[in-house]
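Only one structure is covered here, and it is reproduced in the block below.
Keep in mind that what you see is a predicted model, and the values were worked out from it rather than measured.
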Amino acid sequence: RAMASAAAAANTPILGEMGLDPGMDHMSAMRLIDEARAAGGRIVSFRSVCGGLPAPESANNPLRYKFSWSPRGVLSAARNSAKFLEHGELITLDGAN
């Protein structure tokens, strides 16, 4: 809050730490979904696939990708269970399998 007026004067947005996935991408998606609904639209599907893209000058490996978090944590999170709606049906995936 202390930096809000200085940021506004410099026309610079300040975003709190909200992660990337889920986080900023889902907040942006919800804004678009809300706008579509307000205009009378109907959302029939939403899928989110996310990854971090480094600046081109930093993409200096064959994958052109950099982890900004623990690779071990990412791999263990991939084994978490998941629930999502698909065509109105609740799908549950067991992360252990």
### Task
Could you tell me which residues satisfy side chain to side chain contact (heavy atoms under 4.5 Å, CB included) with Asp94, sequence neighbours excluded, listed by chain and number?
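Scan of Asp94 (side chain to side chain contact (heavy atoms under 4.5 Å, CB included), adjacent residues dropped) gives Ser81, Ala96, Asn97.
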### Message
Suppose the criterion is salt bridge (charged side-chain N to carboxylate O under 4.0 Å, His left out): which pairs have a residue in residues 73-92, not counting sequence neighbours?
### Response
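Sorted pair list: Arg47-Glu86.
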### Message
Test: salt bridge (charged side-chain N to carboxylate O under 4.0 Å, His left out). Region: residues 28-37. Which pairs qualify, not counting sequence neighbours?
### Response
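The answer is Arg31-Glu35.
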### ILVMFWY cluster, Met30 and Ile43 together (side-chain gap under 4.5 Å)
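Met30 clusters together with Ile43.
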### Query
Is there a side-chain contact between Phe84 and Leu90 (heavy atoms, below 4.5 Å)?
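Phe84 vs Leu90: side chains apart.
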